[in-house]
Amino acid sequence: MKIVRKDYLPDGPGSVKMTPVDSDDLWFAYNLILPGDSVMAVTVRKVLREMASGSRDAERVKLKLEVRVEGIEYDKEGGVLRIRGKNILENEHVKIGQFHTLELELHRPFVLRKQVWDSLALEVLKQASDPTASADLAVLLMQEGLAQIFLVGRSVTTSRARIETSIPRKHGPAIAGYDSALNKFFQNVLQAFLKHVDFNVVRCAVIGSPGFTKDQFHRYLLLEAEKKELRPIIENKSKIILVHTSSGYKHSLRDVLDAPSVMNMIKDTKAAEEVRVLKDFYDMLSNDPDRACYGPKHVEVANERLAVQTLLLTDDLFRNADVPTRRKYVDLVTSVKGSGGKAHIFSTMHSSGEQLAQLTGIAAILRFPLPDLEDIEM
Amino acid sequence: MPRKVNRGVDYDEAYDSYDDYDYEDDNDYSVDSPAKVEEPQQKVKKLWSCSICTYDNEEGMSVCDICGVIRNPVAGDFKNSNKKTAAFKFDAPSPDDMVSTRLQSSKLNTQGMFFFFVLIAVCCLDFNHSETFHGSSGSIEGHNSLKKGILSGQLSDEASGSSNPLKIEGTQGNADDDFSGQKQTAPASNFGKMSLSDKPGNSNALDSRKHKSTAEYHPDKWMLPDKANDTLTQLNLAIVGHVDSGKSTLSGRLLHLLGRITKKEMHKYEKDAKIQGKSSFAYAWALDESPEERERGITMNVAVAYFNSKKYHVVILDSPGHKDFVPNMISGATQADAAILVIDASNGAFEAGFDGSKGQTREHALLIRSFGVEQLIVAVNKMDVVGYSKDRFDLIVTQLGTFFRSCGFKESCILWIPLSAVENQNLVAAPSDARLLSWYRGPYLFDAIDSLQPPARDFAKPLLMPICDVTKSSSQGQVSVCGKLVAGALRSGLKVMVMPSGEVGTIKSLERDSQSSAVARAGDNVTINLQGIDLSNNVMPGGVVCHPDYPVAVARHLELKVRALEELAVPILNGSQVEFHIHHAQAAGKVAKILSILDPKSGKETKRSPRCLLSKQSAVIEVVLNTPVCVEEYSNCRALGRASLRAMGRTIAIGIVTRIIQ
């Protein structure tokens with residue numbers, strides 16, 4: 001995110017003009033913009049004009065509109081943010097109070113005006129404008145007969161391709177069928193790999209699988225690259241890392257982000273940190289279940305007793321349209337931080353955030369055991 | 001290609017239009033011959049050979065069943081044959097018929113009318129029924145059942161009114177109603193009951209269908225085994241154990257000793273293995289065929305091999321032991337009726353395999369138990385390394401014995417056999433080594449296999465065969481699927497449905513151990529060649545081949561009763577992401593809800609909606625899968641109701657499907 005102009009008071013009103021530069025930024029914007037805020041951007045609108053003769057003429061005009069936000073939608077695949085609301089900027093074509101949907105795209109600047117820039121909003125803004133935190137990683141997860149390609153960004157994991165074929169197992173003479181089926185499968189995966197992995201963007205490409213599928217494919221990849229002179233692969237041979245995962249399904253992404261070789265590459269990024277924290281939580285839950293809790297009620301009680309060491313939250317809790325609810329979570333975060341704890345806000349667009357979202361979206365590792373939490377109804 | 005059997009004629013010809021269908025006649029039929037119910041009659045009919053593909057088609061067909069070529073020359077007695085079809089149809093309406101009539105009726109928006117017909121049919125039947133069979137005394141009964149018939153008609157009418165014809169579940173329920181209504185196989189009172197139970201909820205509609213299937217299904221004579229013909233029954237024997245315990249070598253050695261591998265082949269394996277510097281793997285190479293497996297010296301996929309013992313046709317399922325390939329082991333070894341657990345007796349190796357967090361011995365034993373295997377042969381391998389020491393053997397027996405008891409194996413069903421695959425001790429003959437002979441008096445392995453009890457089979461149930469493996473041959477336009485028949489029987493010419501896609505195909509031929517066979521029954525491990533199935537990716541391992549009238553359920557939201565395994569790395573929480581394995585299918589999913597924790601001994605509920613599920617706890621949970629799988633409730637079909645959950649490369653829970661929610 002490029003911040004063009006800032007004009008706000010902390011915990012007070014103000015506006016920021018910014019330009020999203022990568023798809024992650026749209027996600028940040030999605031988290032920043034709340035119903036009630038106003039957004040100004042250049043947009044295109046179809047305007048009906050009545051001629052003197054009475055005939056009607058539709059025309060698309062480029063306008064600058066500012067809307068009071070009522071609804072917001074994030075299109076992950078298309079990379080577009082749609083903001084619906086009523087117009088508040090007088091214009092010759094659009095009246096005040098008319099509905100309009102703004103589409104925010106990459107490289108299109110917009111101005112966000114908020115009544116209150118709270119600490120969390122500022123945090124998001126700071127993160128969004130920090131280019132070094134990016135962890136662009138292409139991950140190819142495989143198992144025999146199934147392959148998926150993911151792009152792991154700073155806060156968004158997008159699924160790019162999924163290839164599924166049935167590969168015969170060995171049954172006597174059918175072994176030839178196995179080889180040709182596997183070859184066909186690899187061929188398809190290679191096509192997808194070339195199409196979706198751009199080594200100019202990603203820091204590295206990870207091939208992960210249980211067993212030896214990754215080695216088989218890696219060998220195939222290099223061989224094909226030599227044969228067909230696929231320059232991007234030959235030049236970036238060193239950027240391809242092999243990692244052992246427990247399966248080829250999406251939730252095995254955590255094995256990838258956990259692997260030491262990948263960890264070194266993306267050490268300081270948010271994605272890696274999220275994985276680490278979630279793992280700590282799980283470890284605590286299995287070793288000492290009284291020192292870990294999840295669910296809003298339990299965490300709240302734990303916080304009242306100043307027991308929260310690490311707070312884990314998903315960002316969609318803040319996306320709540322209900323201001324008091326949002327306020328509640330913001331206060332929770334500040335209070336945890338105030339009592340010396342740490343708070344981690346997970347992106348629900350990552351697999352670790354998805355997992356946390358499954359556990360009600362809020363969890364905590366505690367300083368001391370609270371066995372009586374068990375008795376409180378969730 | 002001569003067609004051996006004429007079954008399935010009526011399926012072919014059943015695509016007649018709805019209007020042709022005459023309920024009066026149907027009614028007559030059921031009154032005349034109430035005993036003639038489910039399976040169509042097998043009549044020998046004239047065949048005509050297709051000019052293009054030489055397929056022998058039925059007389060009544062105007063186009064070739066296989067290639068769709070129009071019959072040439074066109075049958076002179078086309079009218080006649082048409083008539084014949086009509087007459088033939090009354091034997092038993094096929095489900096295709098039902099479906100097509102229903103579709104048409106819904107298209108015409110005359111469903112109400114349709115039920116009206118059914119209602120009339122029911123009424124007529126009842127009157128006839130009482131007159132012909134009960135005489136005057138039956139009139140009251142007839143009246144009663146008439147009332148019920150009307151009631152049921154109304155109910156089914158209601159059901160159809162409430163459900164949109166486009167809704168699958170709803171229409172399924174309706175189809176059931178149509179089915180029983182048209183067929184009149186059950187007395188009207190029964191029908192009333194059925195539609196009553198059909199009414200509430202979709203899942204119940206499913207249930208009632210299932211009940212009906214078991215109650216109403218009558219197998220043909222050929223489906224039941226003929227004792228005189230074949231004295232050997234089939235036994236699927238899984239060979240499991242920790243990695244490098246010698247499973248493949250043991251299997252290879254057994255096959256070699258029983259003459260299933262020729263000298264020449266063995267010589268080749270030995271030579272190749274020597275070249276690669278792995279001469280100790282020579283026997284394993286008989287089963288590990290792929291270059292990848294040979295190069296690495298480990299089994300990656302379940303290999304299938306066959307031999308005959310005195311009592312059984314034995315099918316060996318040689319499983320991979322490496323922890324990464326447990327999914328392969330699960331999908332391959334679910335077919336097992338009994339298992340050989342191979343233990344590496346050498347110092348340190350047994351301990352490593354038995355170690356809870358790293359070894360696979362425990363995981364495999366538990367998985368095998370969860371597949372429903374009760375009989376276990378524990379082959380304590382590599383006894384030569386420890387000098388055939390009795391102490392070592394006893395130590396292993398004591399340690400494993402306690403563990404097996406905790407898994408639920410009965411002590412009487414476990415056989416302990418010390419052996420050495422490499423030195424050929426105690427495999428197919430009594431041991432020759434004096435050190436082993438001095439203390440061991442029990443049976444040798446081959447004997448032990450014969451001492452296993454033959455497993456019970458569901459011959460009389462509708463066909464179910466989970467697909468283990470698929471090979472497509474686009475040149476012949478056929479799909480070969482292989483697997484073990486869980487219930488029912490198959491023979492070539494039979495029409496079968498492949499779930500979850502629901503496509504209907506014809507069985508072209510059957511193969512067992514690469515030899516064609518005429519009939520396969522429950523328990524048999526066969527390869528079937530199907531024709532008439534779309535070659536694109538519709539048939540996948542994990543699907544189920546089933547009887548077209550009794551399709552297996554396809555669901556993604558299930559209630560399971562599970563037991564968490566010991567030493568869970570991470571407790572199971574609401575929302576935990578898991579890999580779900582059932583028969584040959586696998587899917588990613590999540591634990592939607594932990595409903596209650598059960599007392600492991602009494603099975604009573606001890607705690608409702610707990611926070612998490614820890615090691616060794618039993619619980620009722622709900623699982624939601626990302627992709628639907630073919631599944632049956634455990635009470636209906638055991639083999640399709642056994643599931644295991646895995647996460648992070650480990651099996652975390654095993655259990656059974658108690659309820660299909662959606």
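Below, read A as the first sequence line, B as the second, and so on, with proteins coming before strands; counting in each chain starts at 1. Keep in mind the model is a prediction, meaning the values are calculated, not measured. Computation of the quantities below employed the complete heavy-atom set of this structure, encompassing side-chain atoms and omitting hydrogens, waters and symmetry-equivalent molecules.
- Interface remark: Val578(B) contributes backbone atoms only to the contact with chain A (heavy atom separation under 4.5 Å).
- Here the CZ-CG distance, from Phe212(A) to Asp324(B), works out to 7.5 Å after rounding to the nearest 0.5 Å.
- When Cys612(B), Gly649(B), Pro571(B) are compared by the number of non-hydrogen pairs under 4.5 Å with chain A, Pro571(B) comes out ahead.
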(request) Test Glu579(B) against His251(A) for side-chain contact (heavy atoms from CB on, under 4.5 Å), laying out the working first. (result) CA-CA 9 Å; Glu579(B) 287 128 47; His251(A) 56 247; 2.9 Å; yes

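- With rounding to the nearest 0.5 Å, the separation of NZ in Lys250(A) from CG in Asn626(B) is 9.5 Å.
- Within a 6.0 Å radius of NZ in Lys607(B), more than 12 heavy atoms belonging to other residues, nucleotides or ligands are found.
- Here NZ of Lys279(A) is found 8.5 Å from CE of Met648(B). Values are rounded to the nearest 0.5 Å.
- Every residue meeting the salt bridge (Lys or Arg N to Asp or Glu O under 4.0 Å) condition with Glu224(A), not counting sequence neighbours, appears here in chain and number order: Lys227(A), Lys228(A).
- Annotation: the span from Tyr249(A) atom OH to Gln586(B) atom CD amounts to 4.0 Å, rounded to 0.5 Å.
- Contacts between Ala305(B) and chain A at a heavy-atom distance below 4.5 Å are absent for every atom of the residue.
- Between Phe325(B) and Glu144(A) there is no side-chain heavy-atom pair separated by less than 4.5 Å.
- Pairs of residues two or more places apart, or lying in two chains, that qualify as salt bridge (charged side-chain N to carboxylate O under 4.0 Å, His left out) and include a residue from residues 294-303 of chain B are Glu292(B)-Arg296(B).
- If you measure heavy-atom distances from Asp215(A) to chain B, the contacts under 4.5 Å come from the side chain alone.
- Interface with chain B: from residues 346-356 of chain A, residues Glu354(A), Gln355(A) qualify, criterion being any non-hydrogen pair under 4.5 Å.
- To the nearest 0.5 Å, the span separating CG on Leu285(A) from CG on Leu614(B) amounts to 7.5 Å.
- Residues Tyr282(A) and Leu573(B) share a closest heavy-atom pair of CE2-CD1, 3.5 Å.
- For the side chain to side chain contact (heavy atoms under 4.5 Å, CB included) test, no residue two or more places apart in sequence or in another chain qualifies with Gln191(A).
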